[in-house]
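So the structure is just underneath, and the comments pick up after that.
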Amino acid sequence: MSFEVPASVRPVRDAVHAFMTERVEPAEPVLRRGGDEARGTLARLQREAKAEGLWALGHPRELGGGGLPFLDYVYVNEVQGRSEYGQVALGTFTLQDSLMLHRHASAAQRERFLKPLVQAEIFPSFAMTEPGVSGSDPTQITTSATLEDGAWVIRGRKWFTTFADRAAYTTVMCRTEPDAPPHRAFSMILVPTDTPGYTIVRDTPVLGLSGGHCEVLYDDVRVPRENLLGERGHGFVIAQERLGPGRIFHCMRFLGQAQRAFDLMCERLNSRTAFGGPLAGKQLMQQHVFDSYAEIQAARLLTLHAAQRVDQGDQARVEIGAVKVVAARMLNAVLDRAIQVHGAQGLTPDTPLDEMYRHARAGRVFDGPDEVHVTTTARRLLREYADGRGWDFALR
């Protein structure tokens with residue numbers, strides 16, 4: 001396959017790039033401050049995206065989205081990923097939750113949650129991680145839900161429930177089958193955030209950034225039996241369906257941030273003078289450019305390859321596990337070099353690099369830490385050899 005942007009995708013990709021660089025990125029200082037002005041600015045951007053046909057491009061058409069095929073969406077999402085605010089401004093931040101509801105929700109659940117979700121009339125949130133419990137081993141989750149008088153009663157505590165402070169509902173992974181095998185012991189339950197007993201304890205800052213990563217107490221939270229999402233005991237299946245593509249979505253956005261950091265670094269090297277000449281003429285600075293180019297290009301090809309496998313109906317677990325680690329490490333390295341090139345200014349909010357750097361570091365932990373993906377990917381590859389199949393790179 002060719003890894004150039006297909007001609008059919010180029011117009012929409014160019015339009016998204018212009019929207020990001022001309023409207024979203026200049027609005028970042030306002031959006032970062034929060035408050036009424038930020039909410040008004042975000043609402044305006046969302047209206048403009050809808051009016052210009054750029055809204056929810058990766059969502060299926062039957063849900064009111066743009067219907068881009070998965071692989072085509074990679075080329076668009078890497079541009080949208082230039083800013084942390086791109087997903088919300090362009091309506092793709094709900095994609096994982098929308099696809100999850102599309103596959104598993106009942107008719108009543110779809111009517112109540114899915115339709116307004118795609119149009120960003122409501123925010124979703126997803127609760128899996130718990131304080132004091134290893135997120136890389138979700139079989140240890142302790143939050144429970146029991147059926148009592150026709151209702152699910154949920155007891156426990158979750159954290160890093162992103163957007164819980166503004167969400168209309170949370171999809172909660174709970175232990176519902178205490179006597180079942182670990183991977184059949186959990187279910188997903190939809191909990192409206194105004195339900196009594198649903199208490200936000202705090203917004204947990206991530207490396208100093210407050211982004212709605214909430215810790216939530218479930219104190220005898222009671223919801224109807226019909227709020228079960230999918231089948232009982234299928235929580236792990238639903239979670240894996242959600243997290244697999246989600247990891248590629250992260251990598252796509254990592255590429256956009258890396259491109260932006262690379263642009264800033266190269267522009268700085270060409271414009272800054274020190275010790276009698278431009279920084280671009282210094283060999284150590286040229287090393288930064290070379291290393292960044294090579295790492296971005298490698299991560300991009302791995303991401304496109306993983307997306308191609310998914311597009312062909314493959315679960316692509318090896319490819320997704322590998323690229324999640326490679327892309328996150330790449331972004332951290334590229335941002336680190338871009339900050340170094342900017343000197344002290346790179347440590348300040350005068351450029352977007354300081355905030356991008358903190359978000360990037362979190363990317364090596366969210367949706368599974370590097371170590372877990374390294375281990376599971378290596379095990380899968382070794383199993384291919386143990387079973388006599390081996391791994392032919394030319395055929396993958």
Side-chain angles (χ1 to χ4, degrees), residues 96-97 100 104 123-148 151-207 209-223 227-244 246-247 250 324 359 361-373 375-376:
Q96 287 176 264
D97 294 273
M100 181 173 65
H104 300 285
F123 271 71
S125 54
F126 184 81
M128 188 168 175
T129 308
E130 298 180 0
V133 174
S134 172
S136 57
D137 183 9
T139 61
Q140 298 181 52
I141 286 174
T142 61
T143 297
S144 66
T146 56
L147 272 176
E148 301 176 16
W152 290 106
V153 180
I154 303 173
R155 303 176 178 94
R157 185 181 293 258
K158 299 285 188 179
W159 68 344
F160 295 106
T161 304
T162 304
F163 293 150
D165 54 349
R166 69 183 82 170
Y169 74 98
T170 300
T171 305
V172 186
M173 186 160 172
C174 311
R175 186 180 293 272
T176 59
E177 322 300 319
D179 299 322
H183 289 88
R184 294 298 303 270
F186 300 90
S187 302
M188 295 289 187
I189 299 176
L190 303 175
V191 179
T193 55
D194 60 358
T195 306
Y198 183 103
T199 304
I200 295 179
V201 178
R202 61 170 175 155
D203 175 357
T204 310
V206 176
L207 295 176
L209 298 172
S210 296
H213 302 296
C214 297
E215 182 174 347
V216 181
L217 174 66
Y218 295 81
D219 185 9
D220 287 343
V221 172
R222 182 179 292 268
V223 297
N227 282 35
L228 178 73
L229 180 65
E231 299 180 39
R232 286 185 64 159
H234 279 220
F236 265 93
V237 173
I238 296 172
Q240 283 304 115
E241 285 181 1
R242 184 182 191 277
L243 291 171
R247 289 169 180 139
H250 281 313
K324 173 61 169 62
H359 281 297
R361 185 59 185 85
R364 293 187 57 201
V365 177
F366 290 163
D367 277 8
D370 288 359
E371 291 80 3
V372 169
H373 292 301
T375 298
T376 56

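- Remark: the backbone N or O of Val153 is not paired with any side-chain donor or acceptor of Glu148 at under 3.5 angstrom.
- With sequence neighbours excluded, the residues that form a ring-ring contact (aromatic ring centres under 6.0 Å, His included) with Phe236 are His183, Phe186.
- A donor-acceptor pair is defined here as one N or O able to donate and one able to accept, closer than 3.5 Å; no such pair exists between the side chain of Ser187 and the backbone of Arg175.
- In terms of modelled atom types and a separation under 3.5 Å, the side chain of Arg222 and the main chain of Ala151 share no donor-acceptor contact.
- Within the 3.5 Å criterion, the main-chain N or O of Arg242 finds a donor-acceptor partner in the side chain of Gln96.
- Distance alone, capped at 3.5 Å, places no donor-acceptor pair between the Lys158 side chain and the Cys214 backbone.
- A donor-acceptor pair under 3.5 Å links the side-chain atoms of Thr193 to the main chain of Ala167, judged by distance alone.
- Sorted pairs that involve residues 163-174 and meet salt bridge (Lys or Arg N to Asp or Glu O under 4.0 Å), not counting sequence neighbours, are lacking altogether.
- Distance check, rounded to the nearest 0.5 Å: CG of Leu229 to CG of Leu190 gives 5.0 Å.
- With sequence neighbours excluded, the residues forming a ring-ring contact (aromatic ring centres under 6.0 Å, His included) with Tyr198 are Tyr218, listed by chain and number.
- Ring-plane geometry between His213 and Phe366 is classed as tilted, the angle between the planes lying from 30 to 60 degrees on a 0 to 90 degree scale.
- Partners of Phe126 according to the ring-ring contact (aromatic ring centres under 6.0 Å, His included) rule, which considers only residues two or more places apart in sequence or in another chain, do not exist here.
- Evaluation of the side-chain contact (heavy atoms from CB on, under 4.5 Å) rule for Glu215 yields Pro131, Arg157, Trp159, Val201, Arg202, Thr204 as partners, not counting sequence neighbours.
- Partners of Arg184 by side-chain contact (heavy atoms from CB on, under 4.5 Å), not counting sequence neighbours, listed by chain and number: Ala180, Pro181, His234.
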